[in-house]
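First the structure, in the form of C-alpha cells, and then the observations on it.
Every chain is numbered from 1, with letters handed out A, B, ... down the list of sequences. FYI, side chains are in, hydrogens and waters are out, and symmetry mates aren't considered; it's all heavy atoms of this structure.
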Amino acid sequence: MPNLLNGQPYNPQEVENRIYQIWEKSGYFNPDKLPQRHKKSFTIIMPPPNANGSLHIGHAVFVALQDIIIRYQRMKGKKTLWLPGADHAGFETQVVFDKKLEKEGRSRFQIPRAELYKEMLEFTLANKKIMEGQLKKLGASCDWSREKFTLDGNIVKIVYRTFEKLKKDELLYKGKRIVNWCPKHQTSLSELEIKYIEKTDPLYYIKYGPLELATVRPETKFGDTAVAVNPKDKRYQQYVGQEIEIETVLGQAKIKVIADEHVDMNFGTGAIKVTPAHDPDDFEIWQRHKNEIPEPKQVIDKYGKMNALAGPYQGLKVKEAREKIVQDMIQKKLLDPAKTDPNYKHNVATCYKCGTTIEPMILDHQWFIKMTMRPKNGRLSLRDLAVKAVKSGKVKFATKRFEKIFFHWMKNLKDWNISRQIPWGIKIPDSGTEDVFDTWFSSAQWPFASLMANKKNDFKKFYPTDVMETGWDILFFWVARMIIMGLYATAQPPFRYVYLHGLVRDKERQKMSKSRGNVIDPLGIIDIYGADALRMALVVGNAPGNDPIIYEEKIRGYRNFANKIWQASRFVLMNTEDFKLKTKPKLNQRDKKRLRELNRFKKEITKLMETFKFHKASEKLYHYFWHVFADKIIEENKPRLRHENKKEKIAAQYLLLETLKITLKMLHPFMPFVTEAVWQNIKNRDSKLLIVEKWPE
RNA sequence: GCGCCCUUAGCUCAAUGGUAGAGCGUUGCAUUCACAUUGCAAAGGCUGUUGGUUCGAUCCCAACAGGGCGCACCA
C-alpha cells in the first residue's frame, strides 16, 4: 500500500487495483464469509449487463448506486449479497452481432444455425470476461463466487419449469397469430419492441364495386377477405351480409360485407377493407367473424415483398408495389386521384432497433402469455398479481412518479408474444419450431432464478431481495415483468424496493451515443481520474429518476476531492503519530461543539442513506469533509498541535483523528478506494479493513 | 386521445407553508505552513405567467405558456 506520508498527490492508478485485490482476498464480498456481527441478510441482484460489448457510462451509474447501497448495508452489519451476472441479451445481442457480421461482409442468414450459435456464444463469453474486469475496476463489491449467466444450464431449467407451470395454469397459448414482424431482423417483436413514428403518406380512395373506401395500403388488397362497415351506419346497411361484385386490377371478384363495431363511421368513407394477414386490427375483426369470412390470405412475404397472390406485382417491395398498383388502378378508374389526400398523417410501427417498418404477419407456433386472464385455478391474473403487490406496498418505488407510470402501463397491458425467430437465445421447448424465447421472458425470472440456481439455500436465505436498482428505461421491459413473474413463480415479490436511475446525458442533455460522438468511456475516465471520482460525479446531484448529466469538469472536481481526502488525511496522520488511544483528552467548548456538530451530521447522513437519497448524502459529505473538516476544523487546530501545553495538543489530535475516521467511514460507500487506502495508513484503526467497519451512528 | 413529469443563480441540480442552497463557472486577493488537484473573499435569484387558498406560497390548488416523456391509435 502506498505510504500516504510520502507527500505525493493521490494516485488512483497506484492504489485501486491493489485495494480491490485486498477486498477480494478478504472474502467480505461473500455474505457467508462476513464476520459474526453480520446477521440479517440484505440482497441486491445486479441487473446483468448485456454481454455484447464493453461497459458504458450507464453501467457505471448502476455500479455506483448499487455498490453504495451494498457497502452501506454491509457496514451496518447486514449479511450482504450483491449477486453479479451477465445477460446473453437475446435480440439485443443478435442486432449487435448482425452488425459485426455485416462489417465482415457476412450475413447470419448464410451461416448454419448451429455454427452461428457457437460463434455467438464465444463472442458473448469473451465480452462477459471483459465486463467482469470492468466491474472490478469500478469497485463493485459483488460476490463473484455466485456469478450467473443467463444461459447457464440450471437457469434454463428454471425458465423451462416456469414455462411448464404457465402451460398447466392455462396462461399460455400457442397458435397461428399475427405478430409484429421486422423484415430486416427476420423475427417477431413484442409490443414493447416496436416504436410508432409519425409519417405522412397518401390516403387513397379506392372503388370496391358499389362502395368506396379509404386506405394507405392499396397493395394489400390482394389479401382482403372482407369489407367492414359499422353496424349502425345507415349508408351501408343494405350491403351487410351480402357479397358484392368488385372489379380489381386482376379481374372480377366477390367479397363479403360485414358489420363490426370497430369501424369508425366518421373516418374516410366509413367502410374499410379487411386484411387479416397484414393488419392486427383486421386480424381481430377476422377473429370476431370467423364463420362469415374466408381464412386470411398472406400476400407479403417475410422480406417485405409481394408474393404470388399479388400476380404481376410479385417480387416487388411493398412500397414499389404500392406505387405501381396505384397507377394501374387510376388507369382502370378504380382509384380517383382527385380524392387522394397526399398529406395524411398516421403512426407507423417500426422496429425499435433498426427503424424498419414493421410488417404485421401471421406466424404459426407463436407462444403468447395471457397477461389479463385468470389462471386455471387461480383468482388473479398475472397483471392483477403485480398491481396488487404494488398497491399494497409489498413492492415500493423510490419515486412515486414511476408507480403512477407503472399502473398506467398495467392498465393497457396486452398479451405477450414470447416467440422469437432469431437463433440466439433459449430454445422454446416445442418440437414444432426452432424459435427461442424473448430474452425478457427469462430475464423476468432472474431474481429468483439466479438465487435458485446458486448455492444451496441461497433462495431461502436471500429471497425476496431488498432492492432492485436499474434504469427507468426498462421499467416495462424488465421491472414490471420481474414483479409479475416473481410473484407468479414464487408467490413472493422478487424485491421490496425499486430504485430507478435515469439515462446519462451530456451537458447539452443529449443522450450519449457513438454516432453523436459524445460518449464518455468509463474505463478511460478511470485511467485518468480514478474510479472514486467517476462514481462521485455520477452520484452527486443525481436524484432518482432524473437523467444524470456528466461532463469532464465535474469528474475532475471529484478527482480533486479524492486528493483533498488524501492530503488532509496525511496532515492528520502526520500530526497524530504519537497519539495514544487510551489517553483521555480534555476537550474545550469548541471541541465539544465540533463533536456535537459531527454527531448531528452522522444522523443526517444516515437518514439520507436510509431513504435512498444518495445524491444528497454524497453532496453533504463532500461539503463537510472539505469545507468544515479541512477548511475549518483542521485550520482551527493547527496552532494547538504545536502548542507547548500537551493537553491542548492531545485534545486537538483526538478531535482530528476522531473526525477523520468517522468521515472516512461515511465516505467509504461513495469513494471506496481512496478511503480504504487512507484507512490502511491509520495505525490504530479499529478493523483492518474499512469495508467491514461499523457504520457510525 | 389518455396519462406522467419538468420550468429556481451563467450551467447542472437541491431545498422548504415563514421572501432560497450546493457544485461547476466567473471576478479579486493570497500562497516557503498537508494539499495549486490549494486557501480567503466577492458578484450573481421579484423560484415560467396569471389567478386562488392562507396571517404568510417558490412550496398547496386552478388555468395558461414553454419543454420532456410514457401509453394508445383506426383503414
Side-chain angles (χ1 to χ4, degrees), chain A residues 4-5 7-11 191-192 196 198 203-206 213-218 220-221 224 227-229 260 262-275 279-282 284-285 344-349 399-414 472-473 475-476 502-503 505-509 529-530 533 536-537 540-543 545-575 613 615-616 618-620 622-623 626-627 630-631 634-635 638-639 641-642 656:
Chain A
L4 179 138
L5 302 175
Q8 295 303 308
Y10 174 61
N11 180 2
E191 299 300 317
L192 280 178
Y196 287 93
E198 191 178 87
L203 179 67
Y204 304 104
Y205 284 80
I206 60 176
L213 35 90
T215 180
V216 280
R217 302 200 64 180
T220 62
K221 72 193 296 281
D224 290 353
V227 168
V229 298
D260 194 281
H262 169 80
V263 181
D264 181 354
M265 292 194 282
N266 300 317
F267 187 91
T269 60
I272 62 167
K273 59 202 247 357
V274 181
T275 323
D279 184 288
D281 288 308
D282 293 0
E284 291 301 320
I285 292 179
Y344 174 62
K345 280 200 175 107
H346 64 148
N347 290 312
V348 177
T399 316
K400 274 275 178 239
R401 199 174 110 218
F402 290 115
E403 221 170 88
K404 289 182 192 167
I405 295 173
F406 170 85
F407 286 130
H408 186 251
W409 186 70
M410 292 303 263
K411 222 163 84 187
N412 295 314
L413 205 54
K414 281 188 180 171
W472 59 254
D473 52 321
L475 172 59
F476 307 139
L503 216 71
R505 292 169 190 274
D506 70 8
K507 235 179 163 176
E508 275 74 50
R509 308 198 124 272
Y529 300 112
M536 276 299 267
V540 177
N542 175 13
N546 288 355
D547 290 345
I549 283 152
I550 189 96
Y551 42 95
E552 203 160 340
E553 298 95 292
K554 190 173 176 185
I555 301 164
R556 202 179 301 135
Y558 293 107
R559 185 273 313 263
N560 296 355
F561 180 48
N563 185 54
K564 189 73 187 181
I565 294 172
W566 189 252
Q567 301 297 350
S569 301
R570 167 160 81 224
F571 178 81
V572 173
L573 296 183
M574 250 167 34
N575 286 286
K613 288 176 181 147
H615 62 296
K616 281 262 103 182
S618 51
E619 189 187 312
K620 291 204 181 266
Y622 172 91
H623 186 253
W626 200 318
H627 302 299
D631 290 349
I634 289 183
E635 292 304 325
K638 272 183 181 169
L641 291 169
R642 281 174 244 122
L656 291 182

TODO: Write down the distance separating the C1' atoms in B/rC33 and B/rG23, rounded off to the nearest Å.
DONE: 28 Å
Open item on the list: Please give the distance between the P atoms of B/rA65 and B/rA15 as a whole number of Å.
Closed with: 28 Å
TODO: Could you pull out all residues at least two apart from A/Tyr558 that satisfy ring-ring contact (aromatic ring centres under 6.0 Å, His included)?
DONE: A/Tyr622
How many Å lie between [atom1] on [X] and [atom2] on [N], as a whole number?
X	N	atom1	atom2	value
A/Glu198	B/rC69	CD	C1'	17 Å
A/Ile565	B/rC35	CD1	P	17 Å
A/Lys613	B/rG21	NZ	P	19 Å
A/Phe407	B/rC5	CZ	P	14 Å
A/Glu619	B/rA15	CD	C1'	10 Å
A/Ile405	B/rC5	CD1	P	8 Å
A/Glu553	B/rC11	CD	C1'	10 Å

Can you tell me if [X] touches the phosphate of [N], counting only side-chain N or O atoms and a distance under 4.0 Å to OP1 or OP2?
X	N	answer
A/Lys616	B/rA22	no
A/Tyr551	B/rG23	no
A/Asn546	B/rC13	no

Open item on the list: Using a heavy-atom cut-off of 4.0 Å across all strands, would you classify A/His262 as base, sugar-phosphate, or nothing?
Closed with: nothing
Open item on the list: What contact category does A/Gly541 fall into here, base, sugar-phosphate, or nothing, at under 4.0 angstrom with non-hydrogen atoms?
Closed with: sugar-phosphate
[N] base to [X] side chain: any donor-acceptor pair below 3.5 Å?
X	N	result
A/Lys638	B/rA34	yes
A/Lys564	B/rC35	yes
A/Glu635	B/rA34	yes
A/Asn563	B/rC35	no

Open item on the list: Salt bridge or not between A/Lys638 and A/Glu635? Use side-chain N to carboxylate O under 4.0 Å.
Closed with: yes
Open item on the list: Taking side-chain contact (heavy atoms from CB on, under 4.5 Å) as the definition, give me every residue that meets it alongside A/Lys411, ordered by chain and number, with sequence neighbours left out.
Closed with: none
TODO: Identify the nucleotide, in any strand shown, that forms a Watson-Crick or G-U wobble pair with B/rC29, with both distances under 3.5 Å; if there is none, say none.
DONE: B/rG39
